[in-house]
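Structure first, then comments.
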Amino acid sequence: AADVFQQLVELNQNLFGEQHSSVGVAYHWLANSLVGAGKLEEAAAAFEACLALVEGPGLSTQQLHQLLERYAQVLDAVGRVEEAKETRKRIQEDQTAEAE
C-alpha cells in the first residue's frame with residue numbers, strides 16, 4: 001500500500017506543485033501506511049513532510065492535534081523521545097491557549 005501512496009504523493013506534486021496541501025494529505029496517507037508496514041523511520045519523515053504542508057487555516061485544531069499525536073507516537077517508537085515530548089507539549093500548549 002505504501003507504494004500506491006508514494007505514487008499519489010508524486011502525482012499530486014506533478015499536478016498541484018510540491019507545496020500544495022493535497023500533497024500534504026497524500027503524505028499523511030503514506031505515513032499511516034508506512035506505520036502499518038512497520039517502517040517507522042520512513043513514517044516519521046512522511047509525517048514531517050505532511051505537517052510542513054497541511055498546517056494552516058484549512059486544518060482544524062482537533063485535526064492538527066490528532067496528526068501531531070500520531071506523529072509523536074511514531075517518534076516514541078523510533079526512539080526520538082525528546083522530539084515526541086516537544087510535540088506533545090505543543091498540543092498541550094495549544095489546548096491551554098484555547099481554554100483561556
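Remember, predicted model here, so these are calculated numbers, not experimental data.
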Give the table of side-chain donor-acceptor pairs shorter than 3.5 Å for residues 82-89, with sequence neighbours excluded, one pair per line with atom names and distance.
{"residue": "E83", "atom": "OE1", "partner": "R80", "partner atom": "NH2", "Å": "2.8"}
{"residue": "E83", "atom": "OE2", "partner": "R80", "partner atom": "NE", "Å": "2.8"}
{"residue": "T87", "atom": "OG1", "partner": "E83", "partner atom": "O", "Å": "2.9"}
{"residue": "R88", "atom": "NE", "partner": "E69", "partner atom": "OE1", "Å": "3.1"}
{"residue": "R88", "atom": "NE", "partner": "E69", "partner atom": "OE2", "Å": "3.2"}
{"residue": "R88", "atom": "NH1", "partner": "D76", "partner atom": "OD2", "Å": "2.7"}
{"residue": "R88", "atom": "NH2", "partner": "E69", "partner atom": "OE2", "Å": "3.0"}
{"residue": "R88", "atom": "NH2", "partner": "D76", "partner atom": "OD2", "Å": "3.2"}

H20 and L53: CA distance, side-chain angles, deciding distance, side chain to side chain contact (heavy atoms under 4.5 Å, CB included) verdict: CA-CA 7 Å; H20 196 273; L53 295 171; over 6 Å; no
Does E10 have any side-chain hydrogen bond (donor to acceptor under 3.5 Å, both in side chains) partners at least two apart in sequence or in another chain, and if so, which? Q6
For residues [X] and [Y], report the shortest heavy-atom separation together with the two atoms involved.
{"X": "S22", "Y": "N12", "value": "O-ND2, 3.2 Å"}
{"X": "F5", "Y": "L30", "value": "CB-CA, 3.7 Å"}
{"X": "G24", "Y": "C50", "value": "O-SG, 3.3 Å"}
{"X": "V35", "Y": "F47", "value": "CG2-CE1, 4.1 Å"}
{"X": "A2", "Y": "L34", "value": "CB-CD2, 3.7 Å"}
{"X": "L75", "Y": "A44", "value": "CD2-CB, 4.5 Å"}

Atom CD of Q73 and atom CG of L68: how far apart are they, to the nearest 0.5 Å? 11.5 Å
Rounded distance (nearest 0.5 Å) linking atom CG of L59 with atom CD of Q66: 9.5 Å
Determine whether E55 and L67 make a side-chain contact, defined as any pair of heavy atoms from C-beta on separated by less than 4.5 Å. no
Flag for E48-Y27: side-chain donor and acceptor within less than 3.5 Å: no
Quick one: side chains of residues 91-100, donor-acceptor pairs under 3.5 Å with protein atoms, not counting sequence neighbours, listed by atom name and distance.
{"residue": "D94", "atom": "OD2", "partner": "H65", "partner atom": "NE2", "Å": "3.3"}
{"residue": "T96", "atom": "OG1", "partner": "Q92", "partner atom": "O", "Å": "2.9"}
{"residue": "E98", "atom": "OE2", "partner": "T61", "partner atom": "OG1", "Å": "3.3"}

